[in-house]
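Computed from heavy atoms alone, side chains included, the values below leave out hydrogens, waters and symmetry copies. Here is how names work: the chains are called A, B, and so on, in the same order as the sequence lines, proteins then strands, and each is numbered from 1.
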Amino acid sequence: MQRIGVFICWCGSNIAATVDVERVAEEIKREPGVVFSANYQYMCSENGQQLLKNAIKEYRLTGVVVGSCSPRMHEATFRKAAESAGLNPYMVEIANIREHCSWIHKDREEATKKALVLVRTAIAKVNLNAPLTAGESPVTKRALVIGGGIAGIQAALDIAEAGFAVDIVEKNPTIGGRMAQLDKTFPTLDCSACILTPKMVDCAQSDKIDILTYSEVEDVKGFVGNFKVKIRRKARYVDETKCTGCKLCMENCPSKKGLNEFNMNLNTRPAIYIPFAQAIPNVAVIDPEQCIKLKTGKCGLCQMKCTVGAIDYTMQDKFIERDYGAIVVATGFRPINIDHFNEYGYSENKDVITSLELERLMNAAGPTDGVLLRPSDGKHPKVITFVQCVGSRDLTDCGKPYCSKICCMYTAKHAMLIREKYPDTEVHVFYIDVRCPGKNYDEFYRRACEQYGVDYIKGMVGKIYNENGKLMVQGSNLIENEQVTIASDLVVLATAIEPEPSVRKIATLLTASIDTNNFLTEAHPKLKPVESPTAGVYLAGVCQGPKDIPETVSQASACAAKVIGLLAKDSLKTNPCVAQSDESMCNGCSQCANVCAYGAITYVDKEFRLGGGKTETRRVAYVNPAVCQGCGACTVTCPSGAMDLKGFASKQIMSEVEEICRA
Amino acid sequence: MLKFKIDKLNELFDTISAETPLAMPLEKAGEADYGRYEKGAKPALGVLKTVKSPKDLFFPQSETLMKFKTEGKNLAVEAPDENVTPFVLFGVKACDYKAFEVLDRVFLADPVDTYYQSKRNAATIVTLACSKPEESCFCKVFGIDAAAPLGDVTTWMDETYLYWQANTNKGESLTEKVRALAEEGGEDAVAKQQKATREIIDKLPFSHLDLSYFKENGTKEIFDRPEWKELSEACLACGTCTFVCPTCQCFDIREFRSAKNEVIRYRCWDSCMYSDFTQMAGGNNRTTQMQRYRQRFMHKLVYYPENNGGLFSCVGCGRCVNKCPQKLNIVKVAKALGGKKHD
Amino acid sequence: MNKTEEQIVKRAAELLDNKEVDKVIGWKKGEFCFDPSPAAFTSSDELKDFVYNDFCGANLSKYLVNECKSGGKIAVFLKPCDTYSFNELVKEHRVNKEKVKVIGVECHGKLDIEKIKSKGIAAVTGAEESGGKVAVTSLYGNAELDKNEVLLDKCLTCKGKKFAVADEIIVLNEMEETKNDRFSGVEALEKMSEEERFAFWKAELSKCIRCNACRNVCPACTCNKCVFDNNASGVATKAPADTFEEQMFHIIRAFHVAGRCTDCGECSRVCPQHIPLHLLNRKFIKDINRLYGEFQAGETDEGKNPLIEYRESDAEPSSAVNGEVRHA
Amino acid sequence: MQSVTETKNEFVPTIVAFCCNWCSYAGADLAGSSRLSYPANVKIIRVPCSCRVNPMFVLKAFQQGADGVILCGCHPGDCHYVTGNYYTRRRMSLLFGFLNYLGIEKDRTRVEWVSAAEGAKFSAVMNDFAKRINELGENKRLKDLRVKENGHE
């Protein structure tokens, strides 16, 4: 029988206010197997941990139950403390008497009784615990960054800086991402390209960074320290190693109708193109949808013009497989589709544009060479109206329930820049709230209002319609308590942003959890904000939640620090709570291998001794403990019960069930 | 001799059960088994063989032996009440009645199994003679007269009457309680039925099975016969034969936690066909189904008679013959081993 | 001796004499015509006891699990429905198909001696089928019964006369397909109220004596050690000590064979209490068909069963339990 | 005697909730940290993934006197172990349908997907489930009668 010590934490008043911790500790003393029981204000404090360590030694405890907060919070803490006192860390079980008890029940008697049941249940489990030892697995000292925007670039640079190899996989033909499309950045108004392109160049020049553009992650196998990733290198039809970026091909391409994605489809580009001047790599790519040669077989002009013979129309997608120790997801965002927001008339009126489109219209490298001209007739707009929260903070099914966070600031930026460059322009902004927390952010917004005379109207826009060539923006002014209609030349919609949709597939491949808005979930919102719940997978940028450039860069660097910390290790401790097959009972039926998502189960022929000197060779399952993630799917598939999960064994769970039902 | 009109039987059962619990063959979901008679129950007296034998009444398939109660870290043992209310067991056939003798020699021998004894003492057994034996019956082989079973009371039944003959004091006192419902007479009808039954029994295919081989040969000779392998080949290792058998008496002791502070220790029928039968800490002395199969028949035909003055621990009820999923049975074993005499 | 039996014995003798196989698994005659037992034959001399008649209902495929452990090649006679079990055993690596020669044998539905006796005929000495009638002889007189009334339950809902696998077949008389709706029994229960269903199963399951015949005969139950026999499993039971234990045993057993049960009907055939156990397995089969598409276990000897597969669009448990139909 | 009748009248069901570690257990934690209450008779057992829940655990719970059993896991598609809850979904769809086929009230068992972010949903689900079990009353059909009434003080 185990010698069990029970420690009931007050958690200050968090537990003690509702649960009679002293009574719990006292009653638990009577449980068979319990040789020590105590209560303490903060078990997680140094003194609390010391109490636990001392008791383990003094009472020769073989099992420990801590009645405290969620095991997701401090299980590791108490396991570590136990280990330092010489007890196997897996002999510690947590009874969650805070989140699952004191915080949700008001009645002290009721909560105390429940706490007793929860502690007894943990005792029932720990009675059947067995010491577990973590195995070790090696770490591949290379990182993968998925997404080549500013988040990916920063993470890659930091990881490379520490001396580790890192690959950037970018689905577009160039790295740079959304930031490359921006004109100026708030709140300093420095030129986006000017601060981004040097980093892009650094990436290209680093001997530690391998940039795989026009590539996508196809498959991920393995686990922390040992990922095996299959990458699709999409056919570019241009040999990257040969192309010099001279653009002769672009000039000679007869197909010029392809929409220019980089310019938010505001103008067109040739079928063979380099997305923008500072693209990295500065290599052309053929759009197979537009290329006459690829579609009809007739043309081949670019191949004729190319002086280095880089064009290859027969190129096929290629697959490469690489090993990584860590993966950073930095897949970024896109503006949501607003075609279905009928009230804004985005699809009917060319002069109703999104903010990202405005960025391109104001950018010197954009379709209008930086002169603000409206798309419909190329005239300079005199009255510009901005509409905030288009699809953000929207509880209808049309939009997104969250705040996109960056719109207030970039709208202030746009308004300011327009007023500065074209002082004769009238600028109105319809807003719900203006949210500008952040260093120098509120100051920036106030400058827009106070110095630049931007007209901020608190109210929502109900309707935008075209009347005699003017865009009539009809909205309410909640401060004046009146309906207003502003005849505008250009309307800019601060469109909500959403995670780049390809993140869904990536999340599935990585087994990283994703929330209902497709943002990747962090392991803990406060304490592990850059880690995914899947070990070895880190999150940077908007794929995790809306954020601006400074935040993105901070998060990317934080990711890099985590990755560096991981890659600096030669080996990792593996989770010992893995499946194990009792070979004497295994039938070798293969059902378990069929449900294993990790390919952790293989079969071996094994000889068994029967009675009377006879032997029998049987096919039995073998679980690779380094590959098994411990989900337990196999244990239920196994009819004989040969497959069990260490740490969550069937008998342990059933004894918990019994204890709960019989309390 | 008394007789009860068939249409008065329910009245008879109601009268008995009003005073004493009454167990008898009842129909339940299409099958007949012994059960407690209650008003409205469906007696299955016409059924020749209940699926399980009435041994269930004295040696239930599962039975609480004691309870352990814990109070904090202390343990207390609680024995069950051994005072069993007197009850009447009705409708027992000759073979099943004979089986009680086989069981008594095991459970009532020193040390006495008090759980069994208390129930045995509490019972007044009313037997019912067979009138339509079937091909799987071979009670005659064991000297049993299916037309004249023993018991505290013996009964016979035909289309019109149930005939009633008390044999013991217990039987007499039961008779007194029901006499009001009865008429006198019936000797002739019973004699006529007995004659017919005995004639049929004589013609039954297994009635002349010769078991002398098992008496005339040494244990080792029988044990080592090569035929055991072939005989047991099709055995599924299920426990059907042992659980329907009126004389099988093996049990296992198990425990069940019935409350946070209470454990029930109970016994339940075990089967020598099961792979964990007589499992010991050091393993099992019988590792193959052949060995287990042999054990069952060696016990019935050799070991038990050796220890009980030649009494076979088989009463020829034929339940195993009917119920074995693969149609293996003691008759086939006896013929295969004691072979020549049947050719 | 019937023609088919003659042909089977002839083929078995050839295989043994030519040393093509070391062992033949078939049926051996008993004391009557209606009590043949499964048996192994290793020489053609032994084949004099071979029988193949209307009472050879037993599915022989499970015996191969043990037989395959020893060396040598085995020939086995399987009726059409038995061949599905064979495939399932091969799929789960319980039988090595390289070692086995499957000989499909014709079947026109097998008879149930207990049903014959339940017609009030005691002391049966013989029974012979011809032209849809069964002539029964007994010590109390003779009788003629309708074949359909005394067929084994499993034959009443025959899956069909197709051999899912066979290296060769012996079919002398064309096998007629039986028209039946094998889910009608399940449907009838589904139509009842919860209370009625509970009462039905309570009455049926309370007859259970835990003899394990259903489990031990089941070709899908081939575990080296069953959870119910394993004292370390936490659910081991040996007796129906409480009504719950009958429920537990049958629920878990049905769940363990769900997706693997070929509906061979052996469980119901061997139950000494005639509990309609096939109605348990068939509920799973019916629900699998309804929710995940038609599936016949043992149709082939490879592939995954529906419980080790999934579709992202699978029905939610709440709607599945409420009878949602969703598949393919 | 008085107290016995009183406890009988005031039926407090025993409810076992199996929660996967990554989503639903975290969802329960969030319900706790958000102070979203649900009845105290709901007791949670942490399992790594809903696919760890063996039908035997469910039956064990009923045997020992549970009145309702609920399984919670990550939303389909969001399983921490990629596919675990897809298997759970099939297994439990079939198992719970089967239990109902045996006459067990279908509302005694439930599967719910609760993410780590859905503390409010967790609390709502548990409140609703507890209410439904209260309405159904004591589990009498799938219970080991040897198991003593625990009094539910």
Side-chain angles (χ1 to χ4, degrees), chain B residues 28-31 33 46 48 51-52 56 60-64 132-137 200 203-206 230-231 233-244 251-252 254 256 264 266-271 273-276 279 289 319 321-329 331-332 335, chain C residues 25 27-28 30-32 34-40 46 55 58 60 62-63 66 113-114 117-118 121-125 138-140 200 202-207 209-217 225-226 229-231 236-242 245 266 269-276:
Chain B
K28 190 172 183 187
E31 299 298 316
D33 262 315
L48 182 68
V51 178
K52 287 199 284 184
D56 231 353
Q61 183 156 14
S62 93
E63 177 175 32
T64 299
K132 214 180 174 191
E134 60 155 28
E135 78 286 348
S136 60
C137 296
I200 285 284
K203 282 192 238 165
L204 291 175
F206 301 154
E230 198 192 316
L231 283 166
E233 239 163 10
C235 177
L236 295 171
C238 75
T240 308
C241 51
T242 47
F243 288 178
V244 299
F251 58 82
D252 192 6
R254 307 176 78 87
F256 178 79
I264 297 176
Y266 67 101
R267 69 170 165 198
C268 60
W269 295 353
D270 202 346
S271 169
M273 296 290 118
Y274 290 171
S275 58
D276 64 346
Q279 175 95 33
Q289 197 54 31
R319 285 187 177 90
V321 177
N322 284 343
K323 292 298 184 183
C324 174
Q326 305 297 43
K327 304 296 174 202
L328 308 175
N329 58 57
V331 174
K332 286 184 178 176
K335 287 193 175 181
Chain C
I25 298 182
W27 298 266
K28 184 175 149 181
E31 296 296 317
F32 306 98
F34 52 78
D35 65 343
S37 295
E46 293 168 8
F55 292 94
L60 303 179
K62 192 180 181 179
Y63 288 105
N66 258 323
I113 181 64
E114 300 230 353
K117 288 195 202 169
S118 75
I121 309 168
V124 179
T125 50
S138 94
L139 293 181
Y140 300 100
F200 172 83
K202 192 180 169 190
E204 288 295 344
L205 294 182
S206 65
K207 293 189 295 183
I209 58 170
R210 273 307 296 283
C211 64
N212 292 321
C214 51
R215 179 192 74 184
N216 291 14
V217 80
K225 186 152 205 163
C226 174
D229 289 349
N230 178 4
N231 287 322
T237 55
K238 199 168 242 174
D242 184 90
E245 297 204 335
E266 284 284 86
R269 179 180 72 83
V270 302
C271 180
Q273 292 278 28
H274 298 113
I275 301 171

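Per-residue counts of heavy-atom pairs under 4.5 Å with chain C were compared for B/Ile264, B/Asn329, B/Asp270; the largest is that of B/Asp270. If you tally non-hydrogen atom pairs under 4.5 Å between each of B/Cys241, B/Ser275, B/Ser136, B/Ala237 and chain C, the highest count goes to B/Ala237. Most heavy-atom pairs under 4.5 Å with chain B: of the set C/Lys117, C/Glu204, C/Gln273, this distinction falls to C/Gln273. When each of B/Glu230, B/Arg319, B/Lys332 is scored by its heavy-atom pairs under 4.5 Å with chain C, the top score falls to B/Lys332. Heavy-atom pairs under 4.5 Å with chain B peak, among C/Val270, C/Asn212, C/Asp35, C/Ile121, at C/Asp35.
Here B/Arg254 contributes atom CZ and C/Lys238 contributes atom NZ; the two are 5.5 Å apart, rounded to the nearest 0.5 Å. A distance of 8.5 Å separates CG in C/Leu205 from CZ in C/Phe200, rounded to the nearest 0.5 Å.
Within the 4.5 angstrom heavy-atom criterion, only side-chain atoms of C/Asn231, from C-beta onward, approach chain B. Neither the backbone nor the side chain of C/Ser118 comes within less than 4.5 Å of any heavy atom in chain B. Residue C/Ile275: no heavy atom, backbone or side chain, is found under 4.5 Å from chain B. Proximity to chain B (any heavy atom under 4.5 Å) is restricted, for C/Lys28, to the side chain, taken from C-beta onward. Proximity to chain C (any heavy atom under 4.5 Å) is shown, for B/Pro133, by both the backbone and the side chain. Residue B/Ser271: no heavy atom, backbone or side chain, is found under 4.5 Å from chain C.
Shown here are the side-chain contact (heavy atoms from CB on, under 4.5 Å) partners of C/Asn66, two or more places apart in sequence or in another chain: C/Lys69. By the ring-ring contact (aromatic ring centres under 6.0 Å, His included) test, C/Phe34 pairs with C/Phe32, sequence neighbours left out.
A salt bridge links B/Lys335 with C/Glu31: the distance from a Lys NZ or Arg NE/NH1/NH2 to an Asp or Glu carboxylate oxygen falls below 4.0 Å.
Sparse packing is recorded around NZ of C/Lys202, with 12 or fewer heavy atoms of other residues, nucleotides or ligands lying under 6.0 Å away.
With 3.5 Å as the limit, one finds no donor-acceptor pair spanning the side chains of B/Arg267 and B/Ser62.
Listed for the C/Ser37 side chain is a donor-acceptor partner under 3.5 Å among the backbone atoms of B/Gln326.
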